[in-house]
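All remarks here apply to the structure that follows.
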Amino acid sequence: MGIEEIAYQNKDITSKVLAENFKGKTFRVYGLDLPGIREVQPTNIPAVKANELRMDNLFELEDDTVAVVDYESDYDRKDKVKYLNYLAGVANRYQIEKKECPVLRMIVIYTGDISREQVSSEYNIGAVRLSIETAFLSELDSDAIMERLKSRVERNEILTDEELMEFIILPLSYRKKEEKEKRIRETVSLAARIQDRGQQVFTLAGILAFTDKIIDREIANKIRRAIEMTQVAMIFEEEKQQAIEAERERATVLLKAERERTTVLLEAGKKKAAEEAAIKTTVEDGQDYGIPKGEIAIKLMRKYKLSEKDAKRTVELYWQ
């Protein structure tokens, strides 16, 4: 599987997660003074050449403008022609849909490899003039951000929207390829320990989407599995609640007592099964991301009220 195929696969897997969770977030932590994100739009523009990757992101912003966002690890003046193709493709899509094209923004976020002095944000060829809004991840204090995020996660605190946006872009703020790959693994391992399931899925999906041009297949597969397992747990919980409500609605007066008894037994069984599955997932995920047995046992004691002896025994049971 080539890097282009991996990038497309990553986009497909993460698009729904990011579309649901990007709303209201901004790019201010990257140094871009833009309105908040109102909606994520599809990036498959027919006018873009078939042999090119899709644009990285397309957002409708709260001021009714639409922003094409691309991430670059080097600077090449020829890329500006690619950006023009993106913008023309977006305008063409609005025309096909018989809609008025909004004001378009071209946003380029440069990774830690590029400094502001290396880049020109203007492209003027007479009849066409392109102005690019740029951000430089090389200007972020990456190590300080990493330490702050690590501290927040270790204290099981809910992250702010700004911290989530820092989290998903952090690996790209480093300069060398080897350092980026190392930081991808570190941020993925840290993201897997986020207690809030919604924030965990968003962070993992964001890392997968934003680093898809450099991420290796092994770590990409780990992220996909983690996302799928967390989503399954969330869906199961939602479907369980819906099933309970439907069962209550179908219950008749004559069978009310029996239905209630059955529901109680069913709920107890589902709750026990769900808890056992969640505990198993916690241990297996911890093992996948290199978390020590003792730390996993402590997490089980806190979250599931297990005794120290039971927690250690459970870790050994599911440790493969």
Side-chain angles (χ1 to χ4, degrees), residues 13 17 21 145-160 163-164 166-168 170-171 182-208 218-244 261-320:
I13 290 168
V17 173
N21 291 276
I145 293 172
M146 184 63 173
E147 287 304 312
R148 173 164 46 80
L149 293 175
K150 188 181 297 185
S151 175
R152 296 270 285 168
V153 171
E154 288 174 349
R155 295 198 301 267
N156 295 331
E157 296 177 348
I158 295 295
L159 302 177
T160 66
E163 287 169 334
L164 291 172
E166 288 175 326
F167 220 131
I168 62 180
L170 190 59
K182 174 186 175 184
R183 297 299 181 172
I184 288 174
R185 293 180 181 275
E186 289 181 358
T187 53
V188 168
S189 178
L190 186 60
R193 295 160 59 189
I194 296 175
Q195 292 297 301
D196 182 88
R197 287 188 184 275
Q199 291 198 339
Q200 183 189 90
V201 170
F202 173 76
T203 304
L204 290 170
I207 294 170
L208 183 62
E218 177 189 355
I219 194 69
N221 286 337
K222 280 190 175 182
I223 296 175
R224 284 194 290 269
R225 286 196 299 270
I227 291 172
E228 288 165 359
M229 286 189 293
T230 304
Q231 286 181 316
V232 166
M234 294 169 70
I235 292 170
F236 174 78
E237 193 64 30
E238 181 180 352
E239 289 181 346
K240 182 181 70 174
Q241 295 303 322
Q242 292 173 350
I244 295 169
R261 187 180 73 85
T262 302
T263 299
V264 169
L265 293 175
L266 180 62
E267 278 305 293
K270 285 185 177 180
K271 183 176 180 181
K272 181 176 177 59
E275 184 171 293
E276 288 175 353
I279 290 173
K280 184 174 184 291
T281 298
T282 300
V283 175
E284 290 176 345
D285 286 353
Q287 183 179 8
D288 283 344
Y289 296 113
I291 301 174
K293 290 182 179 180
E295 187 173 332
I296 298 174
I298 292 173
K299 183 175 181 180
L300 295 180
M301 292 166 60
R302 290 175 178 171
K303 190 169 184 179
Y304 301 102
K305 310 300 183 186
L306 299 182
S307 67
E308 182 178 359
K309 181 179 179 181
D310 287 344
K312 290 180 177 179
R313 186 172 56 196
T314 301
V315 171
E316 292 300 330
L317 176 63
Y318 294 123
W319 193 273
Q320 300 177 353

Indicate every side-chain donor-acceptor pair of residues 187-195 with a distance under 3.5 Å to a residue at least two apart or in another chain.
from: Thr187; atom 1: OG1; to: Arg183; atom 2: O; distance (Å): 2.9
from: Thr187; atom 1: OG1; to: Ile184; atom 2: O; distance (Å): 3.0
from: Ser189; atom 1: OG; to: Tyr289; atom 2: O; distance (Å): 3.2
from: Arg193; atom 1: NH2; to: Glu295; atom 2: OE2; distance (Å): 3.0
from: Gln195; atom 1: NE2; to: Arg193; atom 2: O; distance (Å): 3.4

Query - Non-neighbouring partners of Glu316 that pass side-chain hydrogen bond (donor to acceptor under 3.5 Å, both in side chains), sequence neighbours left out - result: Lys293
Requested in this report: Just jot down the salt bridge (Lys or Arg N to Asp or Glu O under 4.0 Å) partners of Lys299, sequence neighbours excluded, or say none.
Outcome: none
Query raised in the report: Okay, side chain of Glu163, backbone of Thr160: is any donor-acceptor separation there less than 3.5 Å?
Result: yes
Requested in this report: Take Ile145 and Phe167 through the side chain to side chain contact (heavy atoms under 4.5 Å, CB included) test and state the conclusion after the steps.
Outcome: CA-CA 8 Å; Ile145 293 172; Phe167 220 131; over 6 Å; no
Query - Close side-chain approach of Lys305 and Met301, heavy atoms under 4.5 Å - result: no
Report task. List the steps, then state whether side chain to side chain contact (heavy atoms under 4.5 Å, CB included) holds for Lys280 with Glu276. Result -> CA-CA 6 Å; Lys280 184 174 184 291; Glu276 288 175 353; over 6 Å; no
Query raised in the report: Would you find more than 12 non-hydrogen atoms of other residues, nucleotides or ligands less than 6.0 Å from Glu308 atom CD?
Result: no
**Report entry** Contacts of type salt bridge (Lys or Arg N to Asp or Glu O under 4.0 Å), residue Glu166, not counting sequence neighbours
**Finding:** Arg148
Query raised in the report: Are the side chains of Ile296 and Trp319 in touch, meaning some heavy atoms are under 4.5 Å apart?
Result: yes
Query raised in the report: Can you find a pair of side-chain heavy atoms, one from Leu300 and one from Val283, that are under 4.5 Å apart?
Result: yes
Query raised in the report: Which heavy atom of Ala311 sits nearest a heavy atom of Ala297, and at what distance?
Result: CB-O, 3.5 Å
Query raised in the report: OG/Ser307 to NZ/Lys312 distance, rounded to the nearest 0.5 angstrom?
Result: 10.0 Å
Query raised in the report: What distance do Ile298 atom CD1 and Leu306 atom CG have between them, rounded to the nearest 0.5 Å?
Result: 13.0 Å
Query raised in the report: Considering residues at least two apart in sequence or located in another chain, which fulfil the salt bridge (Lys or Arg N to Asp or Glu O under 4.0 Å) criterion with Asp196?
Result: none
Query raised in the report: How would you list, by chain and number, every residue that makes a side-chain hydrogen bond (donor to acceptor under 3.5 Å, both in side chains) with Glu147, sequence neighbours excluded?
Result: none
Query raised in the report: Just how far is it from atom NZ of Lys303 to atom CG of Asn156, taken to the nearest 0.5 Å?
Result: 9.0 Å
